Structures are given as C-alpha cells and as structure tokens.
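For reference, the structure discussed in these notes is given below.
Nothing here was measured: the structure is a model prediction, and the numbers come from that model. First the proteins, then the strands, lettered A, B, ... as listed; each starts at 1.
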2 protein chains.
Amino acid sequence: MENVRDLFQIMTRRFGFLNKNCCTLGGFNITLNQSHILYEIDRQHQPSIQQIADTLGTDITTFSRQIQTMIKMNLVKKKPDTADRRIFILSLTTEGKFVATMIDEQMKMYFDEIFSHMSESDKETVLQSIQLLNKTMATSGSCCVPPQ
Amino acid sequence: MENVRDLFQIMTRRFGFLNKNCCTLGGFNITLNQSHILYEIDRQHQPSIQQIADTLGTDITTFSRQIQTMIKMNLVKKKPDTADRRIFILSLTTEGKFVATMIDEQMKMYFDEIFSHMSESDKETVLQSIQLLNKTMATSGSCCVPPQ
DNA sequence: AATATTACTTGCAAAATGCAAATAAAAGGA
DNA sequence: TCCTTTTATTTGCATTTTGCAAGTAATATT
C-alpha cells in the first residue's frame, strides 16, 4: 500500500484533469476556475458573492473581479439582496445554467466510464468511502478549510 | 447518497485546502503550485523539466519559468543530462528537500487526525477504495489526463 | 448619533500565463 | 554523410490574474 498522501495526491490530480477537460469541451471556453464558480453558484441556495468566495477560498477582491468577468460573459447574474442591500445574490443566466449542465453531464459520462471498469459492489464501496471521508473531514476541526 | 461529482468535488476541495495550509505553515512561504512541484521532483526518479511539466499538466514555457523562480529560491537544482544534452534533470536542494519533508510530515499529521475519527477497518476500506479508484482511472483511457 | 463592522469595489503594482519564435541537441532519412 | 525533422528548453511579449491598501455604502452596535 502506497502512503496516504500519495494516494490522495494522485487521485485529486486525476480528478483535476478530468475537471479541466470538461471546461474546454463542447465549444464553450471557460477556465477551470470559472467551472468551479458555475458549479458552486448552481449548487448553493441564493448565494452571495462573499459566500462563494469563502467556499472556494478565493480572496474577495479577486473573486469580485472574477464575477465581473463572468457577468460580461453572460454566464452569471447578480442582484442586490432585498433585505440587506450590501449583499449581492448570485445566480446563473440561462447560458450559464446551460454550460453548467453540459459540464455536469460530461463529468457524469466520465464517471460512468470509470466505474464501468468496476464491479457494482466495488463502486458502492468506493462511493461510500468517499462519503465517509467527506463526513469525517467536515467534523475534523481546522484541517480542511481555507487558510485563515 | 449524493451524486458522484458532488462527492469528488467536495473531497478534492478539502484536500486542496489541506495542501494549501501546508505551504504557509512553519515559516516557509511557498505557493500551492510550488508545493506540488517539490512533491513531484521528490517523488520521481531523475525527472526532466518536461516530465514534471507533463505530470502537472502545466504549459512547458510557464513551467520553465516556475523552475527558474524555484532555483533562485534555492529549492531546486537542474543539471544537464549526461546522455542527452537537451535535457535538464531536476532535483531538490538540501533546503528544498527540507521544505518538502516538512510539508510531508504536516500532511501526515493532518491525515492521522482525520483517520483518528474512523475505525481501523473503515480507514482500511477508504484507503483501498482510493487505491482501486486510482488504478481504475489509470487504465481508463483518456478521461483523467491533462488536456491534449 | 457616533462608531464599528460587513459586503463589495477599485487602484495599483507585481506575478503568472501561454502563444510565437528562437536555440541547441538528437534522431531519422536519403 | 548531409539535410530534414523532432525534441527539450528558453525568451519576447502581450494579456490575465492576483492581492494588498484604500475606498464606498449599508447594516449593526454602543
């Protein structure tokens, strides 16, 4: 058995490549980072700029500009919160949602391909393992959150 | 059970944060990217510049400059290959090796912390799952390699 | 009402990126 | 062998990305 860090490093690198491939596929040309932003806006419920920046561990001033770019690209919208006018709520435009969905389907295809080389019970074990790992990392204090 | 992509996305994000934390800890101030470069040079046997760039999926011209920076920082050395003088072999300096080792130990501590919240048999299952996953992704054609 | 905090934006200078082109060495073909 | 092609690496250059410091505007606290 290789050491633990090696296992994780290799796995996350491969997953990173997979993610990167999905960005450039199918004509739309977005960066890996933009793909992650689309993903998070799609996932979270009425997220603010600050929330997504925190989730991704990106500096807020940098993120502010990344959003400006994506608004110009017509992938993302922002509208002021009705209750607190300092806050801007992010959402995907129709085009942004389309791109996010395309990427999602592409990722699903890749995963299906990977897991097609595994028995159903192995697949089950692997997915449950990752789920357990995520749960454990979530409870495990300061180790797996953005710095500061 | 959440969907597969979500599981992976969350896991790799957490692992990314963990990695990032290790860069800034303990006084040395290197970027996440530099940490990955140290890791790969340490891991591979007499790697060339091209090899590491390929492993990390980084553009060769960008990588050439990243290495120049790390040589100036006295973390990395390069020396021409004796057999093929186009090639430069990378290695860590004493200081680079020290930093790589510190990061490695820090990562090990984090992993120990995470897995301390798990039963020994769960830990075993999780690690074997990741190993299986890596093996499967390795054989599974074009899906998990750098673009082009 | 004055002060502090929070959410977000902009100025600016530094760093990182990648394409095109250059160099230099090795490999392959006639 | 000479000529062409390929490979490994570097540099020029223009663009993009980054993050700190400082700003605005709105809410929260005192």
Collect all protein-nucleotide pairs involving nucleotides 26-30 of chain D in which both atoms are nitrogen or oxygen and the distance is under 3.5 Å.
residue	atom	partner	partner atom	Å
D:dT27	OP1	A:Arg85	N	3.3

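Against DNA chain D, the stretch residues 64-73 of chain A makes heavy-atom approaches under 4.0 Å through A:Arg65, A:Gln66.
Partners of A:Ser35 according to the side chain to side chain donor-acceptor pair (under 3.5 Å) rule, which considers only residues two or more places apart in sequence or in another chain, do not exist here. Contacts of B:Tyr39 classified as ring pair (Phe, Tyr, Trp, His ring centres under 6.0 Å), with partners at least two apart in sequence or in another chain: none. Legend: residues meeting ring pair (Phe, Tyr, Trp, His ring centres under 6.0 Å) with A:Phe8, ordered by chain and number and at least two apart, are B:Phe15, B:Phe111. In this view, B:Ser129 and A:Ser129 satisfy the side chain to side chain donor-acceptor pair (under 3.5 Å) rule, not counting sequence neighbours.
The separation between A:Asp81 atom CG and D:dA25 atom C1' is 15 Å, rounded to whole Å. Atom CD in A:Gln34 sits about 15 Å away from atom C1' in D:dT18, given to the nearest Å. Regarding A:Asp59, its CG atom lies at a distance of 15 Å from the P atom of C:dT10, rounded to whole Å. Atom pair B:Phe63:CZ and C:dG18:P shows a separation of 13 Å (rounding to whole Å applied). Here C:dT17 presents its P atom at 11 Å from CG of B:Leu56, a figure rounded to the nearest Å. The CD1 atom of A:Ile87 sits 18 Å away from the P atom of C:dT5 (whole-angstrom rounding). B:Ile60 places its CD1 atom 19 Å from the P atom of C:dT23, with the value rounded to the nearest Å. Atom CD1 in A:Ile49 sits roughly 18 Å away from atom P in C:dT6 (whole-Å rounding).
Taking hydrophobic clusters as Ile, Leu, Val, Met, Phe, Trp and Tyr residues chained together by side-chain heavy-atom distances below 4.5 Å, A:Ile41 shares a cluster with A:Ile49. A:Ile37 and A:Leu32 end up in different hydrophobic clusters when Ile, Leu, Val, Met, Phe, Trp and Tyr side chains are linked at under 4.5 Å.
Within the 4.0 Å cut-off from OP1 or OP2 of D:dG19, at least one side-chain nitrogen or oxygen of A:Thr62 is found.
Note on residues 87-106 of chain A: pairs passing salt bridge (Lys or Arg N to Asp or Glu O under 4.0 Å), not counting sequence neighbours, are A:Asp42-A:Lys97, A:Asp104-B:Arg5. Applying the salt bridge (Lys or Arg N to Asp or Glu O under 4.0 Å) test to pairs two or more places apart or on separate chains, those with a residue in residues 78-88 of chain B are B:Asp84-B:Arg86. Sorted by first and then second residue, the side-chain hydrogen bond (donor to acceptor under 3.5 Å, both in side chains) pairs involving residues 48-59 of chain A (not counting sequence neighbours) are A:Gln44-A:Thr55, A:Asp59-A:Thr61.
Looking at the side chain of A:Gln50, the nearest of the listed nucleotides D:dT11, C:dA7, D:dG19 is C:dA7.
For A:Thr61 against C:dC8, a side-chain-to-base donor-acceptor contact under 3.5 Å is absent.
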